[in-house]
Structures are given as C-alpha cells and as structure tokens.
2 protein chains.
Amino acid sequence: MLKQTPTTRSRRRHRGTDSVTIQDVASEAGVAPITVSRALNTPESVSAKLRERIDQAVAKLGYVPNLVAGGLASAGMRMIPVVVPSLSILTFIEVIHGIQQTLEQAGYQVLLGSTDFDLDREASLIESLLGYSPSGVILTGLRHHERTSLRLKNWGRPVVEIMELGDECIDMNVGVDNHAAGACMAQHLLDRGFKRIAYLGTGMSRDYRAMQRFEGHREALKTAGVEFDLLFRREEPSSYEAGRLLFLEALKTRPDLEALHFANDNLAAGALMEANRQGICVPEEIAIGGYLGLSLGEHLSPRLSTITVPRYEMGVEAAKLMLSRLEGRQPLAPRLDIGYELKVRGST
Amino acid sequence: MLKQTPTTRSRRRHRGTDSVTIQDVASEAGVAPITVSRALNTPESVSAKLRERIDQAVAKLGYVPNLVAGGLASAGMRMIPVVVPSLSILTFIEVIHGIQQTLEQAGYQVLLGSTDFDLDREASLIESLLGYSPSGVILTGLRHHERTSLRLKNWGRPVVEIMELGDECIDMNVGVDNHAAGACMAQHLLDRGFKRIAYLGTGMSRDYRAMQRFEGHREALKTAGVEFDLLFRREEPSSYEAGRLLFLEALKTRPDLEALHFANDNLAAGALMEANRQGICVPEEIAIGGYLGLSLGEHLSPRLSTITVPRYEMGVEAAKLMLSRLEGRQPLAPRLDIGYELKVRGST
DNA sequence: CTGTTAGCGCGTTCAC
DNA sequence: GTGAACGCGCTAACAG
C-alpha cells in the first residue's frame with residue numbers, strides 16, 4: 001500500500017518516501033544540506049545570495065521539510081498535545097479553538113487527546129503522547145496522577161494547565177477561580193433576595209471543578225447566614241435534557257425553591273426551556289442562573305443570567321504562554337487568572 | 001530550557017532527550033535492541049522466554065517507544081490529521097469527536113487543522129501536515145485545489161474525504177448527499193402546503209455545501225411547479241444571532257412568506273427564539289425548518305423540524321474506513337453514504 | 001558565513 | 001529465533 005511506485009530515484013537504498021529531501025535541494029542549489037537547513041530555519045545566518053538560490057531550489061523542487069527527521073535530530077516536533085476531559089463539552093472545544101488558532105499561526109500543530117475525566121486514562125495518554133516528542137503539552141486542571149505530574153515536571157519542556165487556577169502547578173497555569181465563580185453567582189442570587197437556593201449539576205463526582213463551584217456557592221450561603229444546602233446531581237454528562245430532568249426533579253422534591261443555580265449553561269438552558277414549555281414564569285416563580293456564558297443564553301426568553309468565562313481567550317492565552325516559552329522568552333508570569341464576569345439578565 | 005539536567009548518563013554525546021531508549025531496555029534484558037523492537041511490534045516472532053524478560057525490563061525502566069524515531073525509520077507516525085473548515089461549527093466538532101474516539105482506541109492520534117473555508121489555506125496546511133509523515137489524512141469536502149488532490153492521490157496513503165458525497169474522490173469518501181437533503185426539506189415544506197418558501201443561509205459563498213442544499217431546495221420547488229426562488233444570505237458565520245437577523249430581514253422584506261428553510265439548525269434556532277420573543281406563532285404564522293439535528297432543536301417550543309445527519313457516526317465511519325486501510329484490509333466500499341433523516345416536529 | 005562530521009532512536013535488511 | 005550493520009532525513013557541534 002505504501003509507495004506503489006518502485007522508486008524512480010536510484011539514490012534510495014531501500015524504503016524511503018521517495019520525496020524531495022534537503023539533500024536534493026542542496027544539490028540543486030550547489031550547497032551543503034546544512035546550509036539549506038539554516039536558510040530555512042534561521043535565514044539571517046545565511047548570506048542573501050545563497051538564501052535566494054536556496055529559496056529558488058526549494059520552490060523548484062517543491063521541497064517540504066520532513067518534520068519527523070527534524071524532530072528526531074533536534075527536539076520537538078512542533079506539535080502540542082491538548083488533553084481535555086471531553087470533546088463533547090462545548091467549553092473545551094472553544095478553548096481548543098483558541099489554542100489551535102494561536103499555535104497554528106506560529107507553525108505548531110495541535111494533537112487532540114481526551115480522557116473522559118479519568119486520571120488513569122490521562123496518565124497513560126500523556127505517557128504515549130510524549131512518545132511523539134511534542135514541543136510542549138497543554139492539559140486540563142491541576143489534579144493529575146502523581147506520576148503524571150512528576151513526569152511532566154522532569155520532562156523539561158513547557159507545560160500549561162488550564163481551566164483551573166491554583167498555587168501549585170507543574171509549570172504554567174491559565175484558568176479561572178471556580179470557587180469564587182460559584183460564590184459569585186450564589187451571592188447574586190442572595191442579593192436578589194432569594195434564600196431557598198439549590199445547586200444542580202451533572203457528573204460532579206468526576207468533574208471536580210463543578211464541585212469547586214458548588215463549594216463556593218455553599219460557602220456564600222453560609223456566610224450570608226442562609227442555612228440552605230441543597231444539591232441535586234445526576235451522573236450523566238451535561239445536556240439540555242439533563243438540565244430539564246434536574247429541573248423537574250428539583251421542582252417535584254422541593255416545591256418551595258426560589259432559585260436554581262446550575263453548574264453550567266447547558267443545564268440551565270435545558271431548565272429554562274422546560275419552564276417555558278410548562279408556562280412556569282422565570283424568575284417570578286423560580287429564578288435560574290447558569291455558568292459559562294454560552295451565546296444560547298442570550299437568545300432564550302427570559303435571557304439567562306450567567307457567569308461568563310472567556311473560554312476562547314483562555315485558549316489563546318494558554319497558547320501564548322506556551323509560545324513565549326518555546327521561543328525562549330520567559331513569560332511575564334507563569335500564572336494567569338483569566339477572570340469571569342457576572343451577567344445579570346432576565347432569568348434572575 | 002530543554003534539559004536542564006546536564007545529562008547523568010555518560011552515553012549521551014550531545015543533545016538527546018535523556019529518556020529511556022530501546023538500547024537501555026535491551027541491555028537490561030540482555031538482548032539486542034532489535035529483539036526488543038520485535039518483542040514490542042511483533043511479539044509472536046520472539047520466544048516466550050525472551051519476551052517475558054523484555055516485558056519486565058520495559059516495565060522496570062518505564063520505556064516508552066520514541067514514535068519519532070520509529071516514524072523516521074519505518075513509515076507513518078500513527079497520526080491522522082483531520083482538516084476541517086472551522087472549529088467553531090458544532091458539526092465539525094462532532095465529526096472530529098467520532099474520529100478521535102475511534103482512532104485513539106486503535107492507537108492513532110488526531111492532528112487538528114482548520115482552513116477557514118479557504119482552499120488555499122487548505123492546500124498549504126495539508127502540505128505542511130504531510131511533513132509530519134502521518135499515516136493517513138481525513139479532510140472535508142470533495143473540492144480542493146488541484147495540486148492538493150494530485151498530491152494526495154500520489155501520496156500512497158489512505159485519504160478519507162468527509163461531509164459530502166460524490167463520484168470522484170481522492171481515495172475514500174464518507175458523507176451525505178447535500179443536494180438531496182436540501183430537496184427533502186423543501187419537499188416536506190411543500191407537502192405541508194406551503195408555497196412561498198425562502199432559503200436562508202450564511203457564508204454560502206464559501207460553504208458550498210450549504211449552496212448544494214439550496215440547489216436541491218430550489219429544484220424541488222421547481223419540480224413542484226412552485227415559482228418561488230428566494231434566497232436570503234449573510235456572509236458572517238452561522239450563529240443564533242445570524243439566524244435572528246436573517247429572520248427579521250426575511251419578515252421585513254417579504255411579509256408574505258409562509259415558510260423558512262434555514263441552512264442549519266443554529267440559524268433556525270436563532271429565528272425560532274426570536275419568533276418566540278416577538279410572539280409570532282410558529283408554524284401558524286410562519287414555518288421554520290432546519291438542517292443538522294442539533295439537540296437544541298428538540299428543546300425549543302415548538303420543537304424544530306429538521307434533517308438530522310449522524311455527525312458523530314460519520315466521524316466513526318470515516319475513522320473505520322481509515323483503519324481498515326491502515327491495517328491492510330480492503331474496505332468493503334470506499335464510498336459510504338451516511339444518510340440523513342427528516343424529523344418532522346412542531347415548527348413546520 | 002559555510003562545510004564536515006556524527007549522531008537523534010528506531011526498524012529494515014540480510015546473515016547466522 | 002536472534003543479531004550486526006546500516007540508513008531514514010535532518011541538525012547540533014565543531015571547525016574553517
């Protein structure tokens with residue numbers, strides 16, 4: 001299947017991809033291969049004259065550097081694995097998008113990895129991803145297998161942990177303070193005069209960041225002297241449907257509830273749409289708050305109050321941090337709080 | 001930055017990643033490196049005794065094969081670039097998800113690439129992705145730069161084109177018949193008794209698949225003897241907001257419209273939500289149909305009629321086709337129609 | 001500024 | 001069933 005043409009060039013001893021190599025370009029331009037290499041990688045270290053001859057030869061032969069060979073000889077394959085818990089959660093997609101756009105401009109490619117919120121899978125995935133000799137790694141969260149953290153710390157190449165903020169990171173960290181964000185929405189609900197407030201989430205035994213927001217929520221209530229500590233949870237992944245079910249369950253179990261604090265906008269939107277369907281008035285009969293700032297929230301009626309997190313920007317910043325290290329610059333700070341913003345809209 | 005420890009092992013001449021190599025394992029097990037290689041890649045060609053010794057050494061040293069070296073020596077880096085027009089369109093994300101899940105199980109990794117619907121960018125992106133010596137390539141659509149198609153045809157490794165269906169593909173093809181899908185929804189609208197039906201889409205000068213659906217739509221109307229050929233378009237990317245604006249524009253320009261056929265569910269949902277907001281009754285005052293089958297559509301009121309496309313499954317099938325080639329099996333058919341399904345719900 | 005030499009770590013080839 | 005030698009294509013190191 002590989003190479004059906006039995007190799008026209010006589011130079012090839014065996015195998016070989018039969019493509020144009022740096023040697024071909026060197027011959028064409030009448031220089032040594034290393035000069036071609038330099039002309040391509042550090043043009044300023046080659047005289048203008050040779051550079052031009054080489055550029056012409058490259059164009060003429062259609063030379064494309066073999067990054068694998070380059071990666072073996074030097075270091076780094078100009079790839080960055082991005083390891084996230086799930087590819088079916090929009091948040092991660094948007095972060096990945098930001099990362100991809102930024103890295104691609106700089107000539108790096110993104111390698112995708114997903115762990116399904118499983119730290120064992122994360123550990124083995126990262127282990128095998130390192131076999132690709134990537135230039136750096138971006139991964140989700142600050143909690144990992146101990147051997148993963150150790151391995152990456154000793155790895156000697158840039159590592160960025162995203163989505164979460166903390167004092168102890170492997171190398172660099174861009175994220176948001178989940179605890180504070182949870183407290184922020186809870187405080188908003190309290191400010192609105194609600195007391196019987198529940199938190200509702202999915203997959204919280206695996207997604208500990210949602211749990212951190214719940215902790216913030218709970219603490220805000222406690223601090224305000226509101227003795228109400230209600231959590232509704234389901235173990236399936238987040239979806240509109242899960243939000244709808246959570247909503248129904250909450251209404252049924254505790255008809256006295258005044259406000260619902262959802263772990264994310266998908267759930268909140270599912271609830272809001274169900275409320276619309278049933279003719280339940282939001283926020284008069286029950287208030288609904290979310291987290292993330294999905295654009296959908298702005299189009300529902302009433303518009304969804306939420307805490308927006310600049311997800312795309314988080315990706316961009318993570319990538320920039322990565323690039324600054326890769327290009328030898330020391331990043332200003334290895335830790336960046338990307339922030340969040342409370343958006344008060346109609347649903348609360 | 002790279003390797004701060006000045007290399008403890010004396011073996012290293014210069015550079016080198018200071019990690020465990022096949023040679024280390026070989027020494028530990030008291031065999032030649034090639035035997036380790038065989039024990040790992042073709043276990044049946046090594047005696048049980050040695051195999052066990054080697055496995056132990058691998059475990060003891062925590063050896064992880066350097067895929068870069070392997071990729072250079074043999075061929076294929078066990079990576080598959082997936083090139084899509086955009087990472088901000090949910091459809092592509094879901095397809096990528098299916099691809100990623102399937103390939104990762106088989107030990108292949110996904111490299112992400114996006115072209116922003118630009119065939120020039122696609123051409124140069126693919127050119128540079130080939131530098132990674134990937135095992136295969138998955139790309140979007142059947143239309144490419146001629147040099148891209150030629151390059152990939154001569155490349156000698158599996159190529160799958162997705163999202164679209166056609167007779168002439170580079171190698172293998174999994175997708176959906178856009179023309180037929182557009183006609184299908186149009187026919188449904190006609191069957192409902194609507195005649196003044198408009199098609200509404202975004203970015204259609206770049207996203208020719210949406211245009212193919214429009215052609216199908218237009219033809220269905222013509223065939224039915226309905227002389228109505230109205231297209232509303234905007235050039236921004238699809239979004240709820242774009243759908244809302246398109247909806248408003250259509251209502252304003254042509255108050256006599258009976259049904260709106262949107263190029264995708266994002267647009268349709270934006271329109272439907274705006275209708276709700278304005279108290280416009282759907283479908284009594286105006287019917288709305290979409291395309292894709294996003295789960296959001298099922299939660300709106302009324303529920304959105306649409307044409308569902310099994311996006312995740314399309315990814316899975318594309319990956320399976322790829323794998324069958326990579327593993328030397330001939331795929332049953334190099335062309336797979338993934339199909340679509342008309343979902344008639346409340347909005348029409 | 002340019003060239004020479006010597007690997008990067010692995011798998012193929014061919015011999016035993 | 002196992003091993004020795006060599007090369008995949010490129011670049012770091014060290015001259016000149």
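This structure is a prediction, so every number in the text was calculated from the model and none was measured. The sequence lines fix the lettering, A, B, ..., with proteins before strands; numbering per chain opens at 1.
Salt bridge status for A:D171 with A:R157: absent, with no side-chain N to carboxylate O gap under 4.0 Å.
Applying the side-chain contact (heavy atoms from CB on, under 4.5 Å) criterion to B:D116, with sequence neighbours excluded, gives B:R121, B:R206. The side-chain contact (heavy atoms from CB on, under 4.5 Å) check on B:E327 picks up B:L323, B:R329, with sequence neighbours excluded. For A:V316, the side-chain contact (heavy atoms from CB on, under 4.5 Å) criterion is met by A:T102, A:Y312, A:K320, not counting sequence neighbours. Partners of A:E52 under the side-chain contact (heavy atoms from CB on, under 4.5 Å) rule, at least two apart in sequence or in another chain, are A:Q56. Evaluation of the salt bridge (charged side-chain N to carboxylate O under 4.0 Å, His left out) rule for B:E146 yields no partner, not counting sequence neighbours.
Comparing D:dC10, C:dC10, C:dG11 against the side chain of B:A69 picks out C:dC10 as the nearest. Listed candidates were D:dA12, C:dC10, C:dG7. Nearest to the side chain of B:Y63 is C:dC10. Of the candidate nucleotides D:dT11, D:dG9, C:dT12, D:dG9 has the atom nearest to the side chain of A:T21.
In this structure, A:L72 atom CG and D:dC8 atom C1' are separated by 9 Å, rounded to whole Å. Between B:M77 atom CE and C:dC10 atom P the separation is 13 Å, expressed in whole Å. Here the P atom of nucleotide D:dC8 and the CD atom of A:Q23 are 11 Å apart, to the nearest Å. When the P atom of C:dC10 is taken as reference, atom CD1 of B:I54 falls 13 Å away, rounded to whole Å. For the pair B:I22 CD1 and C:dT12 P, the computed distance is 11 Å after rounding to whole Å. For the pair B:R78 CZ and C:dG11 P, the interatomic distance rounds to 11 Å; values are reported in whole Å.
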Report all interatomic pairs (protein N or O, nucleotide N or O of nucleotides 1-5 of chain D) with separations under 3.5 Å.
| unit_1 | atom_1 | unit_2 | atom_2 | d |
| --- | --- | --- | --- | --- |
| D:dT2 | OP1 | B:S47 | OG | 2.7 |
| D:dT2 | OP2 | B:S47 | N | 2.8 |
| D:dG3 | OP2 | B:A32 | N | 3.3 |
| D:dG3 | OP2 | B:T35 | OG1 | 2.3 |
| D:dG3 | N7 | B:R38 | NH2 | 2.5 |
| D:dG3 | O6 | B:R38 | NH1 | 3.4 |

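Counting heavy atoms of neighbouring residues, nucleotides and ligands inside a 6.0 Å radius, atom CG of A:D167 does not exceed 12 of them.
Within the structure, every side-chain polar atom (N or O) of B:N66 is placed at least 4.0 Å from both OP1 and OP2 of C:dC8. A close approach under 4.0 Å does not occur between any side-chain nitrogen or oxygen of A:S37 and OP1 or OP2 of D:dC10.
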